[in-house]
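Each remark here refers to the structure printed beneath this line.
In the text below, chain A, chain B and the rest are named by the order of the sequence lines, each starting its count at 1.
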Protein chains: 2
Amino acid sequence: MVNRRRAPRTGTAPPFRSDDGRWQELLDIAARIFARKGYRSTTLQDIADEFGVLKGSLYHYIRSKDELLFEVVRSVYGAGLANLRALAAADLDPVDRLRAVIRGHVLYLTDNLVGTTVLLHEFDQLSDEHRARLPIREYQAVVADLVADAQADPRVKPDLDPRLTALAVLGAANWVYRWYRPDGKRSPDEIGAAYADLLVDGMLIRTGAAVPGEPAER
Amino acid sequence: MVNRRRAPRTGTAPPFRSDDGRWQELLDIAARIFARKGYRSTTLQDIADEFGVLKGSLYHYIRSKDELLFEVVRSVYGAGLANLRALAAADLDPVDRLRAVIRGHVLYLTDNLVGTTVLLHEFDQLSDEHRARLPIREYQAVVADLVADAQADPRVKPDLDPRLTALAVLGAANWVYRWYRPDGKRSPDEIGAAYADLLVDGMLIRTGAAVPGEPAER
DNA sequence: CGAGCCCTACCAAACGATTGTCTGGGCGGG
DNA sequence: CCCGCCCAGACAATCGTTTGGTAGGGCTCG
């Protein structure tokens with residue numbers, strides 16, 4: 001009888017959109033509210049209000065609230081991972097590449113603060129099926145490989161655990177979504193550079209030489 | 001008429017407990033379920049089931065679900081901050097103290113995984129009033145002060161931003177709750193030590209000396 | 001060119017289920 | 001007899017979701 005949304009859903013494609021526009025707007029609004037209040041505390045009513053529509057009308061665009069979260073997370077997941085991989089493919093010395101990756105990842109985070117917040121904070125609110133389609137460990141793998149590559153360089157500590165190091169790097173960088181505000185005193189560039197210096201220098205061997213100009217104290 | 005919970009609530013003390021025991025059990029159960037499903041996705045029914053009681057009966061112990069979350073978070077907040085401050089007060093070289101703090105903080109996290117998860121993940125689900133009573137920035141301040149102290153040592157980079165560095169340290173450490181599992185391959189001690197070495201070494205000046213035994217390549 | 005039609009985008013209203021919370025009472029031990 | 005602890009049951013509110021309908025723009029086709 002009713003033939004709403006006739007097309008049988010082309011696999012993993014977004015639910016529906018005659019020609020995007022409004023669909024992107026919906027994703028943006030949902031992401032913003034999810035980021036502010038959390039997925040579970042967000043009502044379809046909240047979203048519909050800002051979208052300028054009755055809450056029931058949202059079902060013209062989505063199949064469920066679950067799926068709406070998935071669509072939001074999916075887009076950020078893909079873009080973020082692509083960004084990371086592009087950075088990791090830069091034609092640089094492995095050590096400098098790590099620096100660029102950290103800096104670039106922080107820049108991406110701050111530049112996509114809303115989406116990243118939803119990705120990082122609401123990831124485990126996804127249904128098991130949805131979560132399985134977004135292997136978030138890929139992020140870790142990319143960085144771990146980079147660390148392992150860098151260990152070919154004799155300046156790099158040979159006893160680093162690439163996985164553990166990658167988790168530390170991603171932890172420090174991802175944590176930025178918890179405190180960064182665009183009107184803060186530090187620019188994304190300063191943050192990225194500081195983090196890159198701190199973390200990459202931490203991976204390098206300390207060539208044990210006395211500090212010049214100061215006799216040992218204490 | 002009804003005189004349930006007669007005492008007018010002694011300020012910040014937990015809601016009620018004739019003599020703890022069962023109250024602690026309730027906190028533990030709530031923390032565990034909050035950590036697993038998230039605060040908003042957790043039902044009082046879930047908690048009551050595990051507590052062996054009808055959901056209405058929980059109101060003998062709590063005044064609201066909000067407050068239950070607060071009590072859970074408060075206990076972890078206090079204990080965690082006390083732990084951090086104790087570590088920071090160790091009688092050590094400032095640089096070694098930083099190492100000890102990072103290691104000790106990671107150990108605390110892994111040792112109180114459930115509570116820490118709730119604290120770090122559900123903190124902004126607290127009501128504004130509750131949140132105001134737990135100034136979480138204290139954590140950051142403790143570490144930032146430590147970094148600033150360490151900068152008296154000439155081995156430490158003088159241009160470090162203590163606040164930014166503290167945020168990186170806490171980010172890396174706190175992120176551990178996202179991936180650590182007690183049955184993983186790395187022990188809390190290994191993780192803490194690795195993080196301390198990575199982060200503290202990153203704060204130290206690299207005494208620019210050529211790598212011994214290898215001529216410059218590339 | 002105009003009549004008819006379809007399809008998108010939405011409305012209006014209701015649904016069943018769930019949730020946090022409240023009321024009043026009962027039981028058992030000190 | 002009192003009081004801590006819990007039960008039984010209900011409450012209103014809210015939520016995600018469903019159903020059937022409709023305005024209107026654009027397309028087709030005579």
If you check the B/S64 side chain, which of C/dC11, C/dT21, D/dG16 turns out closest?
C/dT21

A/K65, nearest nucleotide to its side chain (from C/dG20, D/dC7, D/dG16)
D/dG16

Quick one: is D/dC6 close enough that its OP1 or OP2 comes under 4.0 Å of any side-chain N or O from B/H60?
no

Starting at atom CG of B/L68, determine the distance to atom C1' of C/dG20, rounded to an integer number of angstrom.
12 Å

Within the pair A/R22 and C/dC10, is there a side-chain N or O less than 4.0 Å away from OP1 or OP2?
yes

Expressed as a whole number of angstroms, how long is the span from B/D49:CG to D/dC6:C1'?
15 Å

D/dT14 P sits how many Å from A/K55 NZ, rounded?
10 Å

Under 3.5 Å, which donor-acceptor pairs link side chains of residues 162-175 of chain A to any protein atom two or more places apart or in another chain?
| unit_1 | atom_1 | unit_2 | atom_2 | d |
| --- | --- | --- | --- | --- |
| A/T165 | OG1 | A/D161 | O | 2.8 |
| A/N174 | OD1 | A/H105 | NE2 | 3.1 |
| A/N174 | ND2 | A/L170 | O | 3.3 |

Atom pair distance, as rounded to whole Å: OH in B/Y59 and C1' in C/dC22
9 Å

Any side-chain N or O of B/S57 less than 4.0 Å from the OP1 or OP2 oxygen of D/dC7?
yes

Within residues 25-45 of chain B: residues closer than 4.0 Å to DNA chain C (heavy atoms):
B/T42, B/T43, B/L44

Of all residues at least two apart in sequence or in a different chain, which pass the side-chain contact (heavy atoms from CB on, under 4.5 Å) check with B/V176?
B/L109, B/T110, B/W179, B/Y180, B/I191, B/Y195

Quick one: list whatever passes side-chain contact (heavy atoms from CB on, under 4.5 Å) with A/D46, sequence neighbours left out.
A/I33, A/K37, A/T42, A/T43

Inter- and intrachain pairs under salt bridge (charged side-chain N to carboxylate O under 4.0 Å, His left out), touching residues 75-86 of chain A, at least two apart:
A/R85-A/E138

Between B/L54 (CG) and D/dG9 (P), how many Å, whole number?
10 Å

Pairs satisfying salt bridge (charged side-chain N to carboxylate O under 4.0 Å, His left out), at least one member in residues 191-204 of chain B, at least two apart:
A/K157-B/D201, B/R99-B/D197, B/R99-B/D201

Interatomic distance where OH belongs to A/Y61 and C1' belongs to C/dC11 [whole Å]
13 Å

Starting at atom CZ of A/R63, determine the distance to atom C1' of D/dT17, rounded to an integer number of angstrom.
14 Å

Should the pair A/K65 and A/Y59 be classed as cation-pi, given the thresholds of under 6.0 Å to the six-membered ring centre and 45° from the axis?
no

Atom-pair distance (CH2 on B/W23; P on D/dG4), nearest Å
16 Å

Member of B/I136, B/N112, B/V72, B/V114 meeting the side-chain contact (heavy atoms from CB on, under 4.5 Å) criterion with B/L119
B/I136

